[in-house]
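Structure record follows, encoded as C-alpha cells.
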Amino acid sequence: MTPALTPLAKQLGIITPSGLTFTRTHAGVPELDPRHHRVIVHGHVAKPLSFSLADLMRFPAVERIAFLECSGNSARGWETLGRGVQFSHGLVSNCAWTGVRLRTILDEAGIRSDAGWIVVEGADGAAYDRSIPLARAADAMLVYGQNGEMLRPEQGYPLRLLVPGFEGSANVKWVQSIKAVAGPVYSREETAQYTQPGSDGKIKLFDLVMDVKSVITTPSPGLGPLARGFHEARGFAWSGRGRIRDVEVTTDGGVTWMPAALDALALPQSFTRFTFPLMVGERPLIVGSRARDETGMLQPSLAQLIAARGPALRYHVNAVAFWRIGTDGTVDVAPA
Ligand SMILES: Nc1nc2c(c(=O)[nH]1)N[C@H]1C(S)=C(S)[C@@H](COP(=O)(O)O)O[C@H]1N2
Ligand SMILES: [Mo]
C-alpha cells in the first residue's frame, strides 16, 4: 500500500498534527471495536492476562513526545524524484503519545527473568509481528492517545507499541498479543525485510535505532520562487539515540558550516527545531543541515554513508540533504 507522507514543509512546530501523520501499513487498516478488542500478555509470565482498552486506561498513564521514522524514509532513489521534502523525508512524524508503560503491563503479568524479548503482534490482515529486545526498550509504551486525542485508526487504534528511537516498523500497530520469550522469533518483518547490509556484505539483523538526522524544511524544493532578500531557513533534527546537541547549516554545498539556532525545547528522541538566516538573490546557494546528537554522532554525507555501509545501502539513510536556491529564488534538489 502506498504510504501517506507527512507534509513537512508545512509543519510549523515540532508536533505533527494527527491528521497529517504519515501512514505506512503492510495489510491495510483493520476496523477494531474498542469494546471487544483485547490484548493478551502471555509466554514467559507467571500469570497470563488479557486486557481491554478500558482496563489498560486504568493503569498509571504517561505522555511522551517522540518521533517515529520509517527506516525507508529518504531511501535511495527518492532523492532524485525532486518532488519536495514531503517525498524525500516525509516518512517521519513527531507526536505527543499517551499510554501505559510496557513495563507496568509486563510486571502485572509477572514477567519471568528468562524473558529477554517480547513478540508483539498486530490484529491487521498480516498479523504483523516483531521481536523487541527488552534490554533496549526501557522507554517502551502501549499507546492509546496521540496529540491529546485517541489514536487514529491508521496509527493503530485502539493500541500501538511505541519504542522511542526505534525504526518505525518496530512500533507495532493494532496490538493484540504480547508474548514474553527468551529470544527473537525471526519473523518475516525482521528477516526478509528491515535488515541492513554492511560493507562486509553481511546482513545485520535488528538494526533498530534510527541515527541522527536533520533536514531543512523551508525553503525546500517546490516552495519557490522565493522573494529576493531575507528568509529564515527552518528545519527539524532528531536522533534515536537521545537529544540533539547542535545543528550546522551550509550555504555553499558543504564547504563551510555555520551553527544554526536551536529551539529551547530539545527533548530526547524528538524533533528539535532549528533556524538559520538566509539572503536569497545575491548569489546561488546550496543549503543543507547536519546535526550532532548527545552521543557525539554526526550526520554523515551520502558518500560517507555508502563508504561505511556499502553500495547496497537503501534503508536507514540519514545523509545530509542539499537544496539549491537560484538567484531567481527557485528551489530544487541538489545532488548529495
Ligand atoms: N500491525 C502493524 N504495525 C505496523 C505496520 C503494519 O503494517 N502493521 N507498519 C509498520 C511500519 S513499516 C511503520 S513505518 C510504522 C508506521 O506508523 P504510522 O503509520 O503510524 O506512521 O508502523 C509500523 N507498525
Ligand atoms: Mo516502515
Side-chain angles (χ1 to χ4, degrees), residues 1-8 11 15-32 37 39-40 64-76 78 86-87 89-99 102 118-132 137 140-147 149-179 185 187-196 206-211 213 238 240 269 271 314-318:
M1 198 192 242
T2 314
L5 297 149
T6 305
L8 286 178
Q11 184 174 321
I15 298 294
T16 308
S18 305
L20 300 182
T21 298
F22 84 95
T23 296
R24 169 78 176 99
T25 69
H26 290 69
V29 177
E31 253 180 57
L32 301 178
H37 182 72
V39 184
I40 54 169
R64 171 81 192 260
I65 295 177
F67 78 84
L68 200 146
E69 182 178 22
C70 177
S71 58
N73 197 24
S74 318
R76 301 285 310 286
W78 290 64
Q86 181 174 12
F87 290 85
H89 289 73
L91 285 172
V92 64
S93 61
N94 195 68
C95 295
W97 305 101
T98 313
L102 179 66
I118 51 168
V119 186
V120 182
E121 184 189 85
D124 46 343
Y128 182 102
D129 62 344
R130 291 292 296 259
S131 310
I132 305 292
M141 294 165 62
L142 280 172
V143 158
Y144 45 76
Q146 179 186 7
N147 296 336
E149 57 188 343
M150 293 305 284
L151 270 182
R152 289 167 56 89
E154 296 84 348
Q155 266 59 61
Y157 182 78
L159 205 67
R160 87 174 302 163
L161 178 70
L162 177 79
V163 191
F166 273 23
E167 62 183 8
S169 58
N171 296 265
V172 177
K173 303 190 274 190
W174 312 292
V175 172
Q176 64 177 359
S177 160
I178 301 171
K179 185 176 183 184
V185 292
S187 74
R188 178 177 184 273
E189 308 296 342
E190 55 204 23
T191 51
Q193 297 202 55
Y194 301 113
T195 61
Q196 310 311 324
F206 303 107
D207 190 13
L208 292 168
V209 177
M210 299 307 291
D211 287 327
K213 186 164 173 178
W238 62 96
Q269 286 95 17
F271 276 10
R314 187 162 157 75
Y315 297 108
H316 282 259
V317 175
N318 64 330

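Indexing begins at 1, ligand by ligand and atom by atom, following the structure's order.
- Atom NE2 in His26 sits 4.5 Å away from atom CD in Glu189 (nearest 0.5 Å).
- Here is the list of ligand 1 atoms found below 4.0 Å of a heavy atom in Trp174: 1 (N), 2 (C), 8 (N).
- Counting only heavy atoms from C-beta outward, the side chains of Arg130 and Val120 never approach each other to under 4.5 Å.
- Of all atoms in ligand 1, listed by their number and element, those nearer than 4.0 Å to a heavy atom of Leu68 are 17 (O).
- Nearest non-hydrogen protein atom to atom 12 (S) of ligand 1 is Tyr194 OH, 3.0 Å.
- Side-chain contact between Leu161 and Phe166 is absent, with no heavy-atom pair separated by less than 4.5 Å.
- Within the structure, ligand 1 lacks Glu167 among the residues with a heavy atom less than 4.0 angstrom away.
- Side chain of Asp129 to backbone of Glu121: no donor-acceptor contact under 3.5 angstrom is found.
- Asn171 places a side-chain N or O within 3.5 Å of a backbone atom of Val163 that can act as its donor or acceptor partner.
- Each of Thr98, Ile15, Thr16, Ile65 was checked for a side-chain contact (heavy atoms from CB on, under 4.5 Å) with Asn147, and the lone residue meeting it is Ile15.
- Here atom 17 (O) of ligand 1 lies nearest to Arg160 when heavy atoms of Arg24, Gln155, Arg160, Gln176 are compared.
- Closest protein heavy atom to atom 23 (C) of ligand 1: Gly168 O, 3.4 Å.
- Atom 8 (N) of ligand 1 has its closest protein heavy atom at Asp124 OD2, 2.6 Å.
- Among all protein heavy atoms, the one lying closest to atom 21 (O) of ligand 1 is Phe22 O, 2.7 Å.
- Note: an N/O pair closer than 3.5 Å links His26 and ligand 1 by distance alone.
- Nearest protein neighbour of atom 24 (N) of ligand 1, counting heavy atoms only, is Asn171 O, 3.1 Å.
- Close approach of ligand 1 to Thr25 is summarised as follows: ligand atoms under 4.0 Å from at least one heavy atom of the residue are 7 (O).
- Nearest approach of Ala66 to Asn94, heavy atoms of both residues: C-OD1, 3.2 Å.
- If you check which protein heavy atom lies closest to atom 11 (C) of ligand 1, you get Ser169 CA, 3.5 Å.
- The structure places CG of Leu159 at 13.5 Å from NZ of Lys173, a figure rounded to the nearest 0.5 Å.
- Shortest contact from atom 14 (S) of ligand 1 to any protein heavy atom: Cys70 CB, 3.3 Å.
- Ring planes of Phe271 and Trp238: tilted class, angle from 30 to 60°.
- In this structure, atom 19 (O) of ligand 1 lies nearest to the protein heavy atom Lys173 NZ, 2.5 Å.
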